[in-house]
K.L.:
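Please see the structure below; I have some questions.
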There are 2 protein chains.
Amino acid sequence: MPTEMSVRELYELTAEGSQLEKDQVEYVQLQGWIRSNRSGKAVSFIALNDGTYLANAQVVYSADSLSNYEEVSHYLTGTAVSVIGRYVLTPDNRQPFEVQATEIDLEGACDATYPLQKKRHSFEYLREIGHLRPRTNTFEAVFRVRSCLAMAIHEFFQNQGFVYVNTPLITGNDAEGAGETFTVTTRTDGNWEKDFFGKHASLTVSGQLHAEAYAMAFRDVYTFGPTFRAENSNTTTHAAEFWMIEPEMAFADLDYDMAVIEDMVKYCITYVFDNCKEEMKFFNERIDKTLIERLEHVRSSQFRQMPYTEAIEILEKHKDEFENKNIFWGMDLNTEHERYLCEKVVKGPVFLTNYPKDIKAFYMRQNDDGKTVAAVDLLVPGVGELVGGSQREERLDVLVNRMKELGMNLDNYQWYLDLRRYGGCQHAGFGLGFERLIMYITGMENIRDVIPFARTPRNLMY
Amino acid sequence: MPTEMSVRELYELTAEGSQLEKDQVEYVQLQGWIRSNRSGKAVSFIALNDGTYLANAQVVYSADSLSNYEEVSHYLTGTAVSVIGRYVLTPDNRQPFEVQATEIDLEGACDATYPLQKKRHSFEYLREIGHLRPRTNTFEAVFRVRSCLAMAIHEFFQNQGFVYVNTPLITGNDAEGAGETFTVTTRTDGNWEKDFFGKHASLTVSGQLHAEAYAMAFRDVYTFGPTFRAENSNTTTHAAEFWMIEPEMAFADLDYDMAVIEDMVKYCITYVFDNCKEEMKFFNERIDKTLIERLEHVRSSQFRQMPYTEAIEILEKHKDEFENKNIFWGMDLNTEHERYLCEKVVKGPVFLTNYPKDIKAFYMRQNDDGKTVAAVDLLVPGVGELVGGSQREERLDVLVNRMKELGMNLDNYQWYLDLRRYGGCQHAGFGLGFERLIMYITGMENIRDVIPFARTPRNLMY
């Protein structure tokens with residue numbers, strides 16, 4: 001009886017297994033898809049990928065050992081097959097092992113119209129065949145890293161006792177008064193009173209306010225789920241649907257917040273280094289040759305801190321180096337400014353703190369200067385802003401005044417204000433765009449290429 | 001310097017720590033919320049909960065040791081405080097330890113209008129204050145179990161190399177032709193061509209079809225995300241927004257599918273037994289006194305299998321025992337029938353297999369009898385259906401014929417049919433409603449009580 005193995009298991013066995021174990025595994029059974037089939041008169045080679053490992057397994061088959069040799073030699077790229085054969089170490093070859101087939105069976109045919117042929121395809125082209133692109137090296141790597149990073153996030157928080165909270169996607173609050181939300185309805189006439197929920201409903205842009213309610217019960221919580229923006233912009237960093245991680249911690253101040261952010265980013269980098277070696281090597285070779293070095297640097301850095309006000313002073317001195325030279329206290333920084341600060345000034349990750357209150361959200365805690373709030377953005381080389389967080393305003397009167405100042409309808413937020421009325425305490429949290437993290441860690445430059453089926457304006461394939 | 005500790009850490013230290021360790025921890029600092037404050041003239045007791053553990057820590061304070069004794073003794077339920085004190089083992093008392101406070105500071109006041117007083121509140125009442133109910137024992141337990149179960153699911157699949165895929169929430173496919181979906185729009189006039197996506201968009205009812213595309217690349221994948229139903233039904237098991245887990249496996253048949261389902265259910269039970277001991281004890285005492293026994297039984301059972309046709313024969317013989325006595329081959333079973341089969345007939349979990357094709361979805365693989373499909377439902381005592389799955393139809397011609405028979409618009413599914421055209425292989429998968437799993441494992445009977453902020457018809461609080 002052959003041993004059922006995945007390609008990953010064979011690579012791991014080859015790399016790490018003891019000689020004894022290797023000797024025990026003689027005949028193996030593999031199933032997967034043909035990436036290439038180089039056939040000769042008497043001996044042929046299949047590069048077999050089963051999705052468990054980035055590299056292919058080399059399957060050797062010959063007219064001598066295979067009764068259906070002729071047929072198999074005509075199998076095209078994309079064909080699904082089942083292979084039984086001898087597992088043989090080949091330390092002198094490019095492949096560390098090969099499988100010498102004694103049986104190859106067809107599991108699913110594939111004809112020449114298959115859109116993924118051996119040549120390299122552009123990312124643009126592959127976006128048009130989103131249901132097939134995970135079968136290419138790049139996207140196999142991207143989406144395995146995506147999966148690993150999701151696990152890294154869950155492990156990081158659960159190991160420290162954070163409770164995972166599924167905040168609602170459909171909401172009656174148009175959080176932060178942002179107009180750019182999707183409406184959720186069962187009608188076509190905008191008559192919300194007669195609608196499913198009896199009022200206007202939209203897709204959430206953030207789970208933070210709801211997460212705060214749970215932090216006031218569980219102390220440390222995090223969300224990890226989809227969020228939505230109906231923003232009509234076609235850039236490489238915007239999608240209508242994306243995933244966010246939003247931790248929220250009771251009895252925490254801004255320093256605590258920053259410590260958790262730093263730990264989390266380092267944990268994620270270490271996790272993919274440990275669990276996605278092949279993939280990271282691939283990205284470093286094919287996508288960004290400085291990737292691993294850059295991430296190594298971030299992982300071993302002590303993240304610095306810099307107040308926004310100091311950053312503005314520095315940027316003003318160097319304003320000639322920017323496209324947007326209009327630097328002033330109170331401005332929202334552009335990506336070029338953010339990158340300059342971490343890449344040129346600090347030469348590493350930096351927490352920018354204490355932003356002007358007028359460019360930040362209503363719930364951020366006001367500092368004693370009356371002008372700034374206890375907000376923080378983490379800026380990292382190559383990307384700019386990676387994480388945004390703040391200490392939250394826990395003082396009921398200060399919060400209510402700020403909301404009135406901003407013309408918000410307090411009626412909609414009574415439950416949120418309750419969190420300050422009833423044992424509200426110092427607390428803080430942050431938001432991390434999951435796709436931004438994936439792009440940062442893989443070097444991929446378009447958000448459409450790190451989401452399985454991306455949603456953007458006028459694009460709803462699948 | 002006191003050691004910062006959580007209530008959980010103190011309980012764990014008390015239960016398991018060595019004497020040496022306990023001796024080292026003398027002064028501790030705790031932060032949390034007052035569940036009760038029994039104050040006397042000279043000595044008083046605070047039951048302190050910090051959300052990390054179901055049980056409270058007993059804080060003892062006296063007029064002798066506290067300068068603000070008078071003030072603290074008036075703190076009401078719900079108040080957030082910071083406590084420094086001596087950690088003392090009290091093996092002869094009901095509490096295994098107490099904290100003899102030397103300092104108690106106010107972190108956030110709470111007045112007598114606080115809706116959660118010491119008495120027990122009905123679940124109905126607590127649903128009206130969804131932002132506060134996680135501060136009660138029942139909901140603290142429910143939502144910690146929910147978080148643990150999410151981790152159990154991720155661990156179970158990731159440990160076996162399954163790739164986590166985030167399938168899209170906004171979709172242009174109205175999967176399975178179900179009419180009961182929510183529309184996603186930025187308009188109020190139903191003019192989809194001018195809408196954000198340039199066509200009609202809805203919220204997904206299942207990620208399965210998209211997951212299949214990824215299974216054809218990665219072999220084993222799973223989704224875990226929100227799904228939506230615009231079903232206007234107010235029952236204890238329906239919500240408009242809920243979370244689903246949908247694994248999909250290439251080169252897998254129905255037997256393989258069942259093996260994975262069985263392993264997963266047992267893994268989840270073991271995980272909560274290991275990680276939520278206090279919570280499970282609580283549910284067993286307060287919610288369902290047979291809960292742990294029932295789950296233990298399921299965990300140690302070998303799940304049985306029974307064809308649908310056999311089940312119908314059995315049910316027909318016992319039809320007088322049902323409310324719905326109209327038993328016939330081709331019917332969809334009601335919960336009473338499902339429960340009868342597992343509770344009375346099999347006396348344990350049972351996989352019901354090979355359902356009539358006309359009551360199952362188009363993508364399920366047709367059996368050779370021409371009447372049934374390779375579908376499976378897992379029925380468990382106390383609940384009925386817990387998981388539904390099937391082998392998928394991988395034969396292009398059979399699938400196309402079935403879709404035509406059902407009057408489906410094939411144009412919308414060309415990408416899905418591509419999965420059969422290009423190396424499609426035998427594959428299978430299943431769907432698990434996450435809330436149903438939580439209800440099953442906690443004994444909670446209303447889906448509104450296992451979702452942080454539940455969405456149901458005409459109910460969109462928060």
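Below, all heavy atoms of this structure are taken into account, side chains as well, without hydrogens, waters or symmetry copies. In what follows, chains are A, B, ... by sequence order, proteins preceding strands, each numbered from 1.
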K.L.:
Based on non-hydrogen pairs under 4.5 Å, which of M216(B), E107(B), E140(B) is most in contact with chain A?
P.N.:
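Highest number of pairs under 4.5 Å: M216(B).
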K.L.:
Name the member of F139(A), W415(A), Y75(A) that forms the most heavy-atom pairs with chain B at distances under 4.5 Å.
P.N.:
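The candidate making the most pairs under 4.5 Å is W415(A).
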K.L.:
If you count heavy-atom pairs under 4.5 Å with chain A, which of P457(B), G424(B), G78(B) comes out on top?
P.N.:
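The option with the most such pairs is P457(B).
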K.L.:
Quick check on the interface: out of P452(A), C425(A), G198(A), A213(A), who has the most heavy-atom pairs with chain B under 4.5 Å?
P.N.:
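Most pairs with chain B among the choices: P452(A).
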K.L.:
With sequence neighbours left out, what residues match F242(B) under ring pair (Phe, Tyr, Trp, His ring centres under 6.0 Å)?
P.N.:
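Scan of F242(B) (ring pair (Phe, Tyr, Trp, His ring centres under 6.0 Å), adjacent residues dropped) gives none.
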K.L.:
Tell me, for Q158(A) versus chain B, whether the close heavy atoms (under 4.5 Å) come from the side chain, the backbone, both or neither.
P.N.:
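The answer is the side chain of Q158(A).
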K.L.:
For E155(A), check salt bridge (charged side-chain N to carboxylate O under 4.0 Å, His left out) against everything at least two apart and list the hits.
P.N.:
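E155(A) satisfies salt bridge (charged side-chain N to carboxylate O under 4.0 Å, His left out) with no other residue.
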K.L.:
Counting heavy-atom pairs closer than 4.5 Å to chain B, which one of F196(A), Y114(A), F143(A), F453(A) comes out on top?
P.N.:
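Max contact count across the listed options: F196(A).
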K.L.:
Pick one of side chain, backbone, both or neither for Y53(A), based on which atoms fall under 4.5 Å of a heavy atom in chain B.
P.N.:
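For Y53(A), there is no contact with chain B at all, as no heavy atom is under 4.5 Å.
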K.L.:
If we define contacts as heavy-atom pairs under 4.5 Å, which of A109(B), S147(B), G190(B) has the most with chain A?
P.N.:
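Most pairs with chain A among the choices: S147(B).
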K.L.:
Does any backbone or side-chain atom of E193(B) lie under 4.5 Å from a heavy atom of chain A? Answer side chain, backbone, both or neither.
P.N.:
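Contact with chain A involves the backbone of E193(B) alone.
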K.L.:
Using the benzene-type ring in the case of Trp, are the ring centres of Y416(A) and H131(B) under 6.0 Å apart?
P.N.:
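That pair fails the under 6.0 Å test.
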K.L.:
Please rank T79(A), V184(A), L169(A), D189(A) by heavy-atom pairs under 4.5 Å with chain B and give me the top one.
P.N.:
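Between T79(A), V184(A), L169(A), D189(A), the count favours L169(A).
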K.L.:
Hey, which of Q426(A), R146(A), M461(A) has the most heavy atom pairs under 4.5 Å with chain B?
P.N.:
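Of the options given, most contacts go to R146(A).
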K.L.:
Can you tell which part of Q160(A) gets under 4.5 Å to a heavy atom of chain B, answering side chain, backbone, both or neither?
P.N.:
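Neither part.
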K.L.:
Select, from R135(B), R219(B), Q31(B), the one with the greatest count of heavy-atom pairs under 4.5 Å involving chain A.
P.N.:
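Sorted descending by pairs with chain A, the first entry is Q31(B).
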K.L.:
Would you mind checking which part of T167(B) comes under 4.5 Å of any heavy atom in chain A, side chain (CB onward), backbone (N, CA, C, O), both or neither?
P.N.:
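For T167(B), the contact with chain A is made by the backbone alone.
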K.L.:
Under a 4.5 Å cutoff for heavy-atom pairs, which residue among Y164(A), F162(A), F197(A) has the most contacts with chain B?
P.N.:
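Of the options given, most contacts go to F197(A).
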K.L.:
Between I129(A) and L116(A), what is the shortest heavy-atom contact and its length?
P.N.:
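Scanning both residues completely, I find the closest heavy atoms to be CD1-CD2, 3.9 Å.
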K.L.:
Ring centres under 6.0 Å, that's the criterion: do W33(A) and F251(B) meet it?
P.N.:
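Yes: the rings meet the under 6.0 Å criterion.
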K.L.:
Select one option (side chain, backbone, both, neither) describing which atoms of T113(A) are under 4.5 Å from chain B's heavy atoms.
P.N.:
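Backbone plus side chain of T113(A), per the 4.5 Å heavy-atom cut-off to chain B.
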K.L.:
Among the options N232(B), T52(B), D418(B), pick out the one with the most heavy-atom pairs lying under 4.5 Å from chain A.
P.N.:
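Ranked by heavy-atom pairs under 4.5 Å with chain A, first place is D418(B).
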